[in-house]
Amino acid sequence: MSYRRTLQLICGVAGGSSAVVLAVAVAESRGCFGEQGREKTSVWSRFGVLQAAQPTWTTANHTPVPSGPAWEFNWDKRDPSAFTNGKKKEKATEDLTSEPDNGKPKATRNILLIRHSQYNLSGNGDKERILTPLGREQAEFTGQRLAALGLKYDTLVHSSMSRATETANIISKHLQGVELVSCDLLREGAPIEPVPPVTHWKPDAVQYHEDGARIEAAFRRYIHRADAKQKEDSYEIIVCHANVIRYFVCRALQFPPEGWLRMGLNNGSITWLTIRPSGRVALRTLGDSGFMPVDKLTRT
């Protein structure tokens, strides 16, 4: 059988990598890599370079191995089965087969996290850090977008800081009848020391200690599965700040919370979390601002 025919046969049966090996071996035997009188280098040493360029994927190792802990279904401490198990231990003689299924949540909570619009960075204190003219335009676009979604919003909660309050007030004009609630827990702050660290922003340890506890308290208040008494899916809007939103996302998805600063959010953007009755969490959008004209986008 000719050299060319042998090579074609192996290509079809064993794949391209085997063909490369055969081609190198045959070429070596014929002296193609050097003159006959010159000392020959081992074919396998030459093949090492080719082997390094080959993919390491095989059918045995193509599946990634989980590197983190398993999903914690009772992350919000509201899993009904956790309470049921406790009752079973205390009342072992009770007939549990007749226990009604009305203690389990059935509704899905949708939480739309809105970052405040552009504001006056040079303002002296919170009262002067109000929205810029562009920021007010951005809030109008966000309000229009939320209204266009056609969802039945239950509440509109906002940080008590001026820029978030003003953003929420503008949005509320497009959502008639939605209750507006202010909350100090949602104020901007330093949730946890970021990893990797950054050089341009270094709060004191006491700020992480104080802000972190407050922002974690806000997470526990607002980010959780529906109560068993809730019959229909809900849609809630929270207008707050980039640091708070990024921390919420990491905590809700059970990602390392210290990675919050690796994400960026445009002003007036929409981040949408969905929390199922089972405790499963999904991130539908992160920092969506595609509803704004390009020349209106900012990240300050």
Side-chain angles (χ1 to χ4, degrees), residues 66-83 105 107-116 154-161 164 168 181-198 201-203 205-227 230 233-266 269-289 299:
S67 58
W71 178 263
E72 171 56 59
F73 278 94
N74 196 27
W75 58 273
D76 58 353
K77 309 306 177 187
R78 296 169 186 250
D79 184 357
S81 63
F83 299 107
T108 295
R109 293 186 69 217
N110 294 273
I111 303 170
L112 290 85
L113 302 162
I114 314 298
R115 189 193 175 193
H116 61 78
D154 299 271
T155 57
L156 198 169
V157 184
H158 62 86
S159 158
S160 57
M161 298 187 81
V181 180
S182 178
C183 180
D184 288 333
L185 292 178
L186 294 167
R187 294 172 72 89
E188 183 65 299
I192 188 173
E193 191 169 356
V195 177
V198 293
W201 187 68
K202 289 187 176 181
V206 67
Q207 185 175 351
Y208 284 121
H209 181 70
E210 294 177 354
D211 290 352
R214 172 178 54 79
I215 296 172
E216 173 64 20
F219 173 82
R220 298 186 186 192
R221 172 178 291 188
Y222 295 109
I223 313 298
H224 55 78
R225 79 192 74 192
D227 187 86
Q230 183 175 322
D233 294 351
S234 59
Y235 297 87
E236 302 157 55
I237 301 170
I238 298 178
V239 179
C240 53
H241 310 269
N243 294 359
V244 177
I245 295 172
R246 293 182 287 190
Y247 178 79
F248 280 9
V249 169
C250 287
R251 285 281 284 109
L253 297 179
Q254 299 186 24
F255 292 163
E258 61 271 16
W260 63 272
L261 199 51
R262 303 171 200 172
M263 296 178 281
L265 300 174
N266 287 340
S269 61
I270 301 173
T271 296
W272 186 338
L273 284 172
T274 296
I275 306 176
R276 303 293 182 189
S278 64
R280 294 182 182 274
V281 180
L283 181 63
R284 296 189 59 172
T285 62
L286 176 66
D288 176 26
S289 55
R299 186 183 296 176

Does R225 have any side-chain hydrogen bond (donor to acceptor under 3.5 Å, both in side chains) partners at least two apart in sequence or in another chain, and if so, which? D76
In this structure, OG1 of T271 is separated from CG of L113 (nearest 0.5 Å) by 6.0 Å
Identify the two heavy atoms, one from E188 and one from R214, that lie closest to each other, and give their separation to 0.1 Å. O-NH2, 3.0 Å
Minimum heavy-atom separation for W71 to A252, with atom names? CH2-O, 3.5 Å
Looking only at atom types and distance, does a side-chain atom of R187 sit under 3.5 Å from a main-chain N or O of D211, one as donor and one as acceptor? no
Worked check of side-chain contact (heavy atoms from CB on, under 4.5 Å) between L185 and R221: CA-CA 9 Å; L185 292 178; R221 172 178 291 188; 3.7 Å; yes
Hydrogens and angles aside, do S159 and H241 bring a side-chain donor and acceptor to less than 3.5 Å of each other? yes
Scanning both residues in full, the closest heavy-atom pair of A242 with R115 reads CB-NE, 3.5 Å
Should I215 and F248 count as side-chain neighbours, where that means a heavy-atom distance under 4.5 Å? yes
Can any side-chain N or O of Q254 pair as donor or acceptor with the backbone N or O of E72 at less than 3.5 Å? yes
Any donor-acceptor N/O pair, D154 side chain to Y235 backbone, under 3.5 Å: yes
Considering all heavy atoms of both residues, which atom of V244 and which atom of C240 are nearest to each other, and what is their separation? CG1-SG, 4.0 Å
When you measure from the side chain of D233 to the backbone of T108, do you find a donor-acceptor pair of N or O atoms at a distance under 3.5 Å? yes
Side-chain atoms of residues 256-263: list all donor-acceptor pairs with protein atoms under 3.5 Å, sequence neighbours left out, distances to 0.1 Å.
from, atom 1, to, atom 2, distance (Å)
W260, NE1, I192, O, 2.7
R262, NE, V195, O, 2.9
R262, NH2, V195, O, 2.7

Who pairs with N243 by side-chain hydrogen bond (donor to acceptor under 3.5 Å, both in side chains), at least two apart in sequence or on another chain? R246
Using a 4.5 Å cut-off on heavy atoms from C-beta on, say whether the side chain of H116 contacts that of M161. no
Please determine which of L186, I237, V239 meets the side-chain contact (heavy atoms from CB on, under 4.5 Å) test together with V157. L186
Steps toward side-chain contact (heavy atoms from CB on, under 4.5 Å) verdict (H224, R109): CA-CA 8 Å; H224 55 78; R109 293 186 69 217; 3.4 Å; yes
Report, one line per pair, each donor and acceptor closer than 3.5 Å where one atom sits in a side chain of residues 278-287; sequence neighbours left out.
from, atom 1, to, atom 2, distance (Å)
S278, OG, R280, N, 3.4
T285, OG1, I270, O, 3.3
T285, OG1, W272, N, 3.3

Quick check for you: to the nearest 0.5 Å, what is the distance between I245 atom CD1 and L265 atom CG? 5.5 Å
For E193, the side-chain hydrogen bond (donor to acceptor under 3.5 Å, both in side chains) test, sequence neighbours excluded, returns none
Are any of the side-chain heavy atoms of I111 and Y222 separated by less than 4.5 Å? no
Strictly distance-based, threshold 3.5 Å: is any side-chain N or O of R78 a donor or acceptor partner for the main-chain N or O of D227? no
Are more than 12 heavy atoms, taken from residues, nucleotides or ligands other than F73, located less than 6.0 Å from that residue's CZ atom? yes
Check side-chain hydrogen bond (donor to acceptor under 3.5 Å, both in side chains) between R220 and all other residues, then give those that pass, not counting sequence neighbours. E216
Roughly how far apart are R251 CZ and L273 CG, rounded to 0.5 Å? 12.0 Å
What pair of heavy atoms forms the shortest contact from A164 to H158, and how long is it? O-CB, 4.2 Å
